[in-house]
Amino acid sequence: PADGAAGAAEILGPVAAASGEPVRIGLISDGKSPVSDVSVEGEVARATVEYLNEHRSGIGGRPIELVECESLADPARSTDCANQMVEEKVVAVVGGSLSAPESVWAPLHDARVPVVFPVATGAALLGDSESTFVLTDLIFPYVTLPIQLARETGEDKVTMVVVDVPSAVGVSKVIAPPLFEEAGIGFEAVPIPPATADMTPQMQSLVAGDPGIVHIVGPDAFCISAMNGLRAVGFTGQISTISQCISDATRASVPGDMLEGIVVAASVPVGTDNPSTRLFEAVSTTYGEGIDTSRTAAINMFMAVTGLHAALEGISGEITPATVIDTIKGMPEKDLPGATGLRFRCNGKANPATPATCVRGGLVTTLDDKGQPTEYKAAGVTPIED
């Protein structure tokens, strides 16, 4: 409709086109792999780059040229993609929601090419204070949110039902316990294999042991089994979870009366109306074709590309991996594009234990009786020190 186009034009703002020699930025995404289909990441990155080149003067006034490689969730291919980026002389790389982030990260780190991830796990990667920038506070969805919820509801214990894969179990075994102890909240982790279709037996014994808040960490299929298991054994207590857990599949497979009131930690405000999602929708419809904007992977990629652009505002002179790193590290604290309410600063101080992290805090929403997010509120956000 014409009025939609006019509305999009207003949201995109005046034309401020980039010109001159292109700045080469790499994109590594799993694409469509045997594990999952995140080809939406490439679609979003291409649309976002067109928008930035046409309306936001590209990087340093010069057009962004995207150099793409699909890693297909394969560690060997992920390494190949990283090596290709070094050969192609890109000045920075944006990674998607990768299955093997450390395989992408290691060669780029060795070559001192900066990498921006919307979200990533891995101790070596998160511990890198030199050239890695992660635009999500990983502690928030796993630890900060359930602790905050326990305090608000007067519960003295959190039981984490966690998918038994290395990245998630690592958080529940290593990172979470000392933080819960420090907060004075009891903590128990219940790892369950990913393909468990019926979790009723595990949920039966969990509920018998007075679990307090039940915090579910896993993809949507895992959460569906956990929630239906809790429903089968009559659990009526507070449930919290992470955004990857809630999808259209979850809404179709878990009754609304079970979903209503579940508290969700998120890094991006999927499925609601706010300035970030309005800009994301306008960019997707103007520069893309049939982009599924309801997916977390889609808005995460928008956040990563626009976040890199915002971090490099004001860069001038020769643009190289080294000047990109210096500019990102020297940026003042700014609003994080794509995540209304969150701020970012990449000076290593957001969480000193994981210096690659650029964000402190996250977004919280409560589901309605259709399993849809209501309003998102920022939580745990405090200024990131000099």
Side-chain angles (χ1 to χ4, degrees), residues 35-38 97 99 119 121 136 138 140-146 149-150 158-172 176 187-207 211-272 292 294-300 362-374 376:
V35 180
S36 63
D37 182 355
V38 287
S97 42
S99 298
V119 56
T121 54
T136 310
L138 278 184
F140 180 77
Y142 293 106
V143 180
T144 315
L145 169 77
L149 205 52
V158 170
T159 301
M160 186 187 285
V161 176
V162 59
V163 61
D164 198 347
V165 300
S167 57
V169 170
V171 172
S172 69
F187 176 71
E188 185 185 347
V190 180
I192 298 176
T196 309
D198 180 11
M199 293 189 196
T200 310
Q202 289 96 328
M203 297 304 118
Q204 184 77 61
S205 58
L206 181 144
V207 169
I213 286 169
V214 175
H215 187 60
I216 306 173
V217 173
D220 52 3
F222 178 86
C223 296
I224 290 165
S225 299
M227 289 172 185
N228 285 334
L230 285 168
R231 189 168 194 269
V233 300
F235 180 71
T236 55
Q238 179 67 56
I239 298 172
S240 56
T241 186
I242 60 175
S243 58
Q244 290 83 333
C245 185
I246 306 297
S247 68
D248 288 343
T250 317
R251 295 178 191 104
S253 310
V254 179
D257 62 357
M258 189 70 191
L259 293 171
E260 186 175 10
I262 289 179
V263 176
V264 183
S267 54
V268 283
V270 181
T272 52
D292 180 357
S294 74
R295 295 188 57 191
T296 301
I299 193 165
N300 261 341
L363 301 173
V364 183
T365 187
T366 304
L367 300 182
D368 64 15
D369 59 1
K370 296 188 176 55
Q372 294 291 349
T374 50
Y376 283 90

[X] side, atom [atom1]; [Y] side, atom [atom2] - distance, nearest 0.5 Å:
{"X": "Thr365", "Y": "Ile262", "atom1": "OG1", "atom2": "CD1", "answer": "12.0 Å"}
{"X": "Asp369", "Y": "Asp257", "atom1": "CG", "atom2": "CG", "answer": "9.0 Å"}
{"X": "Ile224", "Y": "Met258", "atom1": "CD1", "atom2": "CE", "answer": "13.0 Å"}
{"X": "Thr236", "Y": "Ile239", "atom1": "OG1", "atom2": "CD1", "answer": "9.5 Å"}
{"X": "Phe187", "Y": "Met160", "atom1": "CZ", "atom2": "CE", "answer": "4.0 Å"}
{"X": "Ser253", "Y": "Asp220", "atom1": "OG", "atom2": "CG", "answer": "8.5 Å"}

With a 4.5 Å heavy-atom cut-off, do [X] and [Y] have their side chains touching?
{"X": "Thr196", "Y": "Asp164", "result": "no"}
{"X": "Pro255", "Y": "Arg231", "result": "yes"}
{"X": "Leu367", "Y": "Val264", "result": "yes"}
{"X": "Leu363", "Y": "Val268", "result": "no"}
{"X": "Gln238", "Y": "Leu149", "result": "yes"}
{"X": "Val165", "Y": "Pro194", "result": "yes"}
{"X": "Val207", "Y": "Leu230", "result": "yes"}
{"X": "Leu206", "Y": "Met199", "result": "no"}

Under the 3.5 angstrom rule, does the side chain of [X] hit a backbone N or O of [Y] as a donor-acceptor pair?
{"X": "Thr366", "Y": "Val263", "value": "no"}
{"X": "Ser267", "Y": "Thr136", "value": "no"}
{"X": "His215", "Y": "Pro141", "value": "yes"}
{"X": "Thr159", "Y": "Pro211", "value": "yes"}
{"X": "Ser225", "Y": "Ala197", "value": "yes"}
{"X": "Thr241", "Y": "Val217", "value": "no"}

Pair Tyr376, Val364 - check side-chain contact (heavy atoms from CB on, under 4.5 Å), show working. CA-CA 5 Å; Tyr376 283 90; Val364 183; over 6 Å; no

Nearest non-hydrogen partners of [X] and [Y], listed with the distance:
{"X": "Ala265", "Y": "Phe140", "value": "CB-CE2, 3.9 Å"}
{"X": "Thr374", "Y": "Thr272", "value": "O-CG2, 3.1 Å"}
{"X": "Gly218", "Y": "Cys223", "value": "O-SG, 3.5 Å"}
{"X": "Met203", "Y": "Ala226", "value": "CG-O, 3.9 Å"}
{"X": "Arg251", "Y": "Asp248", "value": "NH1-OD1, 2.7 Å"}
{"X": "Asp292", "Y": "Ser294", "value": "OD1-OG, 2.7 Å"}

Report the residues that fulfil salt bridge (charged side-chain N to carboxylate O under 4.0 Å, His left out) with Glu188, sequence neighbours left out, ordered by chain and then residue number.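 For Glu188, the residues satisfying salt bridge (charged side-chain N to carboxylate O under 4.0 Å, His left out) (neighbours in sequence not counted) are Lys157.
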
Residues in side chain to side chain contact (heavy atoms under 4.5 Å, CB included) with Val171, at least two apart?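 Counting only residues at least two positions away or on another chain, Val171 forms a side chain to side chain contact (heavy atoms under 4.5 Å, CB included) with Tyr142, Ile175.
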
I would like to know whether Met227 and Thr250 meet side-chain contact (heavy atoms from CB on, under 4.5 Å); could you show each step before the answer? CA-CA 9 Å; Met227 289 172 185; Thr250 317; 4.3 Å; yes

Verdict with reasoning, Asn300 to Ser97, per side-chain contact (heavy atoms from CB on, under 4.5 Å): CA-CA 8 Å; Asn300 261 341; Ser97 42; 5.6 Å; no

